[in-house]
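Each remark here refers to the structure printed beneath this line.
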Amino acid sequence: QQYPSGPFALDDANANKPYGASLFAMGGTPPYSWSEDASYSERGDFDLSGLTIGQSSGIVRGTLFNSSSGKTLKFRVIVRDNAGDTSSGPVYTITVR
């Protein structure tokens with residue numbers, strides 16, 4: 001699986017409000033599974049944001065903590081396809097108001 005370089009900006013979010021956005025995958029053999037790339041060095045704000053990545057849905061969702069207000073969250077995903085092949089996906093960003 002090959003991904004274009006990013007980062008890719010997802011829809012903006014508001015602190016203390018529910019949020020949801022779909023991630024994408026291309027190539028490989030569906031269905032896919034998604035997980036956060038814990039080795040990505042700029043993920044700290046995402047890790048403490050209140051958001052999670054749905055492993056089978058590829059949807060990042062949750063209610064953002066007030067402490068995330070004014071920040072740009074960054075994270076990268078690892079996508080695994082049905083054949084067991086993995087790829088490190090693009091960097092995603094979410095601006096929190």
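Just so you know, residue 1 is the first one in the sequence shown, and it goes up from there.
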Checklist line | Chi angles and distances behind the side chain to side chain contact (heavy atoms under 4.5 Å, CB included) call for Leu73, Thr93 | finding: CA-CA 5 Å; Leu73 309 176; Thr93 62; over 6 Å; no
Between [atom1] on residue [X] and [atom2] on residue [Y], distance to nearest 0.5 Å:
{"X": "Arg80", "Y": "Ser35", "atom1": "CZ", "atom2": "OG", "value": "8.0 Å"}
{"X": "Ser87", "Y": "Ile78", "atom1": "OG", "atom2": "CD1", "value": "9.0 Å"}
{"X": "Ser56", "Y": "Tyr32", "atom1": "OG", "atom2": "OH", "value": "14.5 Å"}
{"X": "Ser41", "Y": "Arg76", "atom1": "OG", "atom2": "CZ", "value": "8.0 Å"}

Next item on the list: Apply the test salt bridge (charged side-chain N to carboxylate O under 4.0 Å, His left out) to residues Arg97 and Asp12: give CA-CA distance (whole Å), side-chain angles for both, the deciding distance (0.1 Å), then the verdict.
Entry: CA-CA 7 Å; Arg97 302 181 189 282; Asp12 290 355; 2.3 Å; yes
Note to self: If we check side chain to side chain contact (heavy atoms under 4.5 Å, CB included) with Phe75, which of these qualifies: Ile94, Val91, Asp37, Asp47?
What the structure shows: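 Between Phe75 and the candidates, side chain to side chain contact (heavy atoms under 4.5 Å, CB included) is satisfied uniquely by Ile94.
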Checklist line | Qualifying residue, where the test is side chain to side chain contact (heavy atoms under 4.5 Å, CB included) with Leu23 and the options are Ile59, Val77, Val79 | finding: Val77
Next item on the list: Step by step, work out the side chain to side chain contact (heavy atoms under 4.5 Å, CB included) result for Leu10 and Thr95.
Entry: CA-CA 8 Å; Leu10 297 175; Thr95 300; over 6 Å; no
Check: Closest approach of Thr63 and Asn16, non-hydrogen atoms and distance?
Finding: CG2-C, 3.7 Å
Note to self: For a quick test of reading the model, state the closest non-hydrogen atom pair linking Ser49 to Ser68 and the distance between them.
What the structure shows: CA-OG, 3.3 Å
Under the 3.5 angstrom rule, does the side chain of [X] hit a backbone N or O of [Y] as a donor-acceptor pair?
{"X": "Tyr19", "Y": "Val60", "value": "no"}
{"X": "Asn14", "Y": "Lys17", "value": "no"}
{"X": "Asp81", "Y": "Gly28", "value": "no"}

Note to self: Measuring only between side-chain heavy atoms, which start at C-beta, is Tyr40 closer than 4.5 Å to Lys74?
What the structure shows: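 Tyr40 reaches Lys74 side chain to side chain.
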Check: Considering only heavy atoms from C-beta outward, does the side chain of Val96 approach that of Asp45 to under 4.5 Å?
Finding: no
Note to self: Please tell me whether Phe24 and Phe8 form a close aromatic pair, meaning their ring centres lie under 6.0 Å apart.
What the structure shows: yes
